[in-house]
Structures are given as structure tokens and as C-alpha cells.
Amino acid sequence: MKLQSIRGMSDTLPEDAAVWQYLEKTVSQVLATYAYREIRFPIVEQTELFKRSIGDVTDIVEKEMYTFEDRNGDSLSLRPEGTAGCVRACIQQGLLYNQTQRLWYQGPMFRHERPQKGRLRQFHQVGVEAFGFEGPDIDAELLILTARLWRQLGIEDALTLQINSIGEAVDRTRYRVALVEYLGEHRERLDADSQRRLQTNPLRILDSKSPDTQAVLVDAPQLPDFIDPASREHFKQFCALLDAAEVRYEINPRLVRGLDYYGKTVFEWVTDSLGAQGTVCAGGRYDGLVEQIGGKPCVAAGFALGLERILLLLDALDVVPDRVGRSVDIYMVAVGNVAAKASALAEALRSSVSGIRLEQHCGVGGFKAQLKKAHKSGAKIALILGEAECAKSQLQVKYLREDRDQDTVDFDRLVEFITNVFI
């Protein structure tokens with residue numbers, strides 16, 4: 001039997017890992033500018049946590065979770081999303097009592113779905129959660145910072161922000177009654193998934209991808225008509241804050257979230273550059289979730305962004321900086337009995353030039369073989385040290401990506417020279 005990775009759970013190869021690191025670093029830097037702090041929690045939680053937070057009749061809990069019994073007979077699940085685990089950690093560790101928190105996390109999530117481009121069984125998200133902030137200003141901040149992130153990554157023109165208010169739970173209950181009554185009259189025109197959801201989770205029918213179902217929804221009751229005055233005012237102020245920050249958006253009255261705990265503000269950043277998997281970031285308010293999981297009442301808002309989908313978008317738009325794909329800046333070629341000196345010079349550069357990526361040749365190999373490896377490494381330059389150069393306390397500098405003559409540099413000027421080349 002040939003052992004292979006599990007379907008829908010992919011390896012990340014070294015040439016791709018550099019782009020992952022670039023994206024993760026950019027995200028963490030943007031979040032730091034808004035004073036969000038990182039939190040880390042396990043990928044395995046009690047199954048009851050997700051049933052209580054996501055909802056028993058959602059597709060995630062019914063069909064998609066990786067659930068198993070451990071040796072003690074406890075039902076455990078790999079996390080299908082991060083918000084529930086973050087809330088559990090905050091309650092357990094006492095982070096929410098009379099406090100506000102701006103937190104973020106990243107890592108793998110797991111759902112047993114049919115693997116396709118942009119939708120894997122092990123996928124990776126960055127989650128951002130804010131606790132204890134009552135007004136719409138925190139809702140707006142979450143979108144202002146994501147807009148900044150898109151600008152930093154160079155993908156802002158490919159993304160559209162869609163927003164909506166889904167009101168309070170009592171509003172959605174009244175709307176659900178009206179929606180089910182209307183859709184029940186057109187049941188035969190709905191797709192199979194929507195027919196099943198009609199009695200379990202009818203609001204999910206609103207974002208059905210079926211053209212026939214969408215045609216039925218044209219004359220369906222509209223959720224905004226059922227929203228209470230307080231939620232309307234919250235949404236009005238939220239829109240005004242986005243306008244003031246010059247964050248462009250579209251109001252989508254059919255926008256809902258697939259998880260039961262959301263209320264009031266919901267939003268999605270979508271793109272038409274990735275085909276069917278066009279949502280790269282989504283979230284909203286979930287003011288009742290902390291109490292629902294077992295904590296004292298605490299308002300909250302947050303979002304999750306899918307790293308794989310953003311990576312696909314970066315590739316589609318070709319906006320990753322050239323240096324990101326290069327794992328080596330300098331290749332040190334050492335010919336003859338000069339390995340010790342070459343190593344000392346390499347260490348001096350690593351210590352003195354911040355962030356430099358230098359690969360020193362190890363093992364056997366003549367000058368031509370080493371130079372071939374230098375070209376293959378992707379390095380910008382090769383530093384060549386032979387016995388003749390060593391006797392003169394000099395190195396030869398060969399430019400591997402430019403049509404330039406070689407330079408000669410003295411040992412005592414090497415740090416200055418490399419700094420000028422790369423900074």
C-alpha cells in the first residue's frame with residue numbers, strides 16, 4: 001500500500017511556504033497596528049461546544065465535523081471553525097469579566113466536505129474577535145482593518161464588501177415564519193438542499209447557489225422588513241462609519257451567515273476572480289454567543305478569513321513581491337581549502353545584515369558544480385571564495401540575475417557591500 005496524504009488535506013512545499021509566511025506576517029502586522037493580540041487554543045474540543053454554538057441542525061454539525069470518541073468515551077471534534085473555541089478559552093481563562101478584548105488567532109480547521117479548489121477538508125483561517133464593545137464602531141473597525149489588509153496585499157480592487165443587518169433572534173424568528181410560508185408554496189421549484197433546509201435552517205436558503213431557487217426568492221419576504229428599530233439604528237450608524245472611512249460597500253438584503261450565533265451586523269468580502277469559492281472573509285456580530293456557551297453575557301463581533309483562498313487570489317492577480325518567492329539571497333561558493341573562512345564570513349553576514357538569507361555550499365563539488373547550484377537556488381548573487389581570493393582577503397561577487405560584470409570586495413567591506421546590495 002502506497003501511503004499518501006488524506007484527500008482534501010494538502011502538503012505545503014517549501015516554495016509555497018514562503019508565500020504563506022508572507023501572508024501570515026502581513027496579517028499579523030496589520031492586526032498589531034490595531035492592538036489585536038494573538039491567542040492560541042487547541043484544535044480539538046468537546047463536540048458539545050460546537051453543537052451549542054453552531055447549532056444542531058447546521059450542515060457543519062450534521063454532516064461535516066470530524067467527531068470521535070476518545071479512550072474515556074468522551075465525544076471530541078476537530079474544530080470546524082475558530083470562534084467557539086476562542087469564546088470557550090476566554091470564558092475558561094477569565095478574559096471577559098469586566099474587560100474588553102481584541103484577539104486574533106490562526107491555524108487549521110477541519111470539515112468533511114467534497115474537496116475542490118478553494119475548499120479543502122483541512123483549511124486554514126485567521127480569526128479576529130472583539131469582546132465587550134457594544135456599539136457599531138467595533139463593527140466598522142473590523143472592516144476598516146480588513147480594507148487596510150487588502151491594500152497591503154495589493155488585492156483591494158478584486159474584492160467587494162457586502163453588508164447586511166439580520167436583526168435580533170426574535171426578528172429572525174418572525175421572518176422565518178413568513179419565509180417558510182412563502183417558500184412552502186413553491187417547494188417543488190426549490191433545489192434538493194433548499195427543500196431539506198426548509199424545515200431545519202430556512203435562512204440558509206437565501207444564499208443558495210441554485211438559479212431556480214434564486215428565481216423563487218425574487219418575490220420572497222425581505223429580512224430588512226422585519227428588523228427592529230434598534231438594529232436599524234445600529235446598522236445606520238455602522239454604514240455612516242464606513243462612509244466616513246471611505247470603505248466602499250454594497251448592502252445585500254439576502255446576506256446571512258451559515259452559523260446560528262450571528263445577529264445584527266453581518267458581512268462578507270467577495271471576489272469574482274476565484275469562481276464558485278468567492279468569499280474570502282466573512283463575519284459579523286454574535287452578541288449572544290458567550291452566554292450561549294456558558295459565560296456571562298458579553299457582546300462580541302468578529303470575522304474569519306480563509307488563507308487558502310487569499311493565496312489563490314494573490315496568485316491570480318500576480319501581486320506577490322518577487323523577493324517572497326526567493327528562499328535564498330546569497331549563495332556562498334567555496335573552492336579549495338577555504339571552508340572555515342567561508343563559514344566565518346557567512347556567519348558575519350548573518351549577524352550583521354538583518355533578514356539576509358545565505359546558503360553556504362556543503363559537501364564535495366568543484367567550482368562549476370557549485371555555481372550551477374547557486375543558479376538553481378534562486379539567489380541574487382554568488383560570493384566566490386577560492387584559495388587565491390582568500391590569500392588577498394577578498395571575495396568575487398557574481399550577479400546571478402543581472403547582466404553585470406563581477407565585482408571584487410575586501411573582507412572588511414563585505415557587510416557594507418551586501419547591505420548596499422539588498423537594502
Side-chain angles (χ1 to χ4, degrees), residues 9 12 17 19-47 49-50 52-54 60 64-66 76-97 99-111 120-133 138-139 141-146 148-150 152-153 257-259 261-262 267-269 279-287 289-290 292-295 298-311:
M9 299 185 181
T12 301
V19 186
W20 277 85
Q21 292 167 359
Y22 161 71
L23 173 57
E24 291 164 349
K25 183 178 180 180
T26 304
V27 171
S28 65
Q29 288 175 338
V30 169
L31 289 169
T33 65
Y34 290 82
Y36 283 77
R37 299 183 298 158
E38 185 179 9
I39 184 172
R40 303 187 183 192
F41 43 88
I43 64 171
V44 179
E45 299 275 2
Q46 295 181 51
T47 303
L49 172 66
F50 302 114
R52 195 181 299 183
S53 61
I54 298 172
I60 294 174
E64 297 172 2
M65 287 205 307
Y66 284 90
L76 306 179
S77 295
L78 297 177
R79 62 186 184 193
E81 58 92 42
T83 300
C86 184
V87 171
R88 190 273 311 150
C90 288
I91 295 171
Q92 182 175 340
Q93 304 303 330
L95 299 183
L96 303 182
Y97 183 68
Q99 301 175 69
T100 59
Q101 298 285 352
R102 286 178 167 91
L103 303 173
W104 72 277
Y105 51 87
Q106 67 176 348
M109 312 292 165
F110 303 86
R111 296 186 192 179
L120 299 174
R121 290 176 175 175
Q122 177 178 309
F123 56 99
H124 298 77
Q125 289 185 340
V126 168
V128 179
E129 320 287 359
F131 298 98
F133 300 94
I138 196 67
D139 307 24
E141 178 180 276
L142 293 172
L143 293 175
I144 293 167
L145 76 83
T146 48
R148 179 180 293 274
L149 175 61
W150 310 146
Q152 292 280 96
L153 294 171
R257 300 295 304 124
L259 305 177
Y261 51 67
Y262 283 102
F267 57 83
E268 291 186 358
W269 288 93
T279 301
V280 303
C281 175
R285 290 198 72 90
Y286 51 93
D287 291 344
L289 182 59
V290 175
Q292 189 176 320
I293 288 179
C298 180
V299 296
F303 66 80
L305 57 87
L307 294 183
E308 281 87 354
R309 293 186 186 180
I310 295 177
L311 288 166

Item checked: Within-4.5 Å side-chain heavy-atom neighbours: Val27 and Gln152 -> no
Item checked: Spacing of OH belonging to Tyr97 relative to CD belonging to Gln99, to within rounding of 0.5 Å -> 10.5 Å
Notebook entry, point to check: Quick one: CD on Gln122 to CD1 on Ile43, what's the gap to the nearest 0.5 Å?
Noted result: 7.5 Å
Notebook entry, point to check: Can you name the closest pair of heavy atoms from Gly132 and Thr100 and give their distance?
Noted result: O-CG2, 3.7 Å
Notebook entry, point to check: So which pairs with a foot in residues 31-46 pass side chain to side chain donor-acceptor pair (under 3.5 Å), sequence neighbours left out?
Noted result: Tyr34-Arg148, Tyr36-Glu141, Arg37-Gln101, Glu38-Arg40, Glu45-Arg88
Item checked: Euclidean distance, Met109 CE relative to Leu307 CG, rounded to 0.5 Å -> 9.0 Å
Next item on the list: Answer whether the closest heavy-atom distance between the side chains of Ile310 and Trp269 falls below 4.5 Å.
Entry: no
Note to self: Testing the basics here: between Gly284 and Phe267, what is the closest heavy-atom pair and its distance to 0.1 Å?
What the structure shows: N-CE2, 3.5 Å
Next item on the list: Please report the shortest heavy-atom distance between Ile91 and Gly295, naming the atom on each side.
Entry: CD1-N, 3.5 Å
Checklist line | Short side-chain to backbone donor-acceptor contact, Arg309 and Val280, under 3.5 Å | finding: no
Check: Which pair of non-hydrogen atoms, one from Ala130 and one from Ile138, has the smallest distance, and what is that distance?
Finding: CB-CG1, 3.6 Å
Item checked: Closest approach of Val30 to Leu145 (non-hydrogen atoms, all atoms of both residues) -> CG1-O, 3.7 Å
Next item on the list: Would you confirm whether Arg121, through its side chain, and Met9, through its main-chain N or O, come within 3.5 Å as a donor-acceptor pair?
Entry: no
Check: Under 4.5 Å between any side-chain heavy atoms of Cys86 and Ile39, yes or no?
Finding: yes
Checklist line | Flag side-chain contact, heavy atom, 4.5 Å: Asp139 against Phe133 | finding: no
Notebook entry, point to check: If we only count heavy atoms from C-beta on, is the Val44 to Phe110 side-chain gap below 4.5 Å?
Noted result: no
Check: Hey, does Phe50 have a side-chain heavy atom less than 4.5 Å from the side chain of Arg79?
Finding: yes
Next item on the list: Return yes if a side-chain donor-acceptor contact under 3.5 Å exists between Gln292 and Tyr286, otherwise no.
Entry: no
Next item on the list: Check whether any side-chain heavy atom of Ile54 lies under 4.5 Å from a side-chain heavy atom of Pro80, and answer yes or no.
Entry: yes
Check: Considering only heavy atoms from C-beta outward, does the side chain of Leu149 approach that of Leu305 to under 4.5 Å?
Finding: yes
Item checked: Donor-acceptor contact below 3.5 Å, side chain Gln125 vs main chain Gly127 -> no
Margin query: Show the nearest heavy-atom pair for residues Glu129 and Tyr105, with the distance to one decimal.
Written below: OE2-OH, 2.6 Å
Margin query: Glu268: which residues meet the salt bridge (charged side-chain N to carboxylate O under 4.0 Å, His left out) condition with it, sequence neighbours left out?
Written below: Arg257
Check: How far does SG of Cys298 sit from CG of Leu95, to the nearest 0.5 angstrom?
Finding: 10.5 Å
Note to self: Could you measure the distance from the OG1 atom of Thr12 to the NE2 atom of His124? Nearest 0.5 Å is fine.
What the structure shows: 6.5 Å
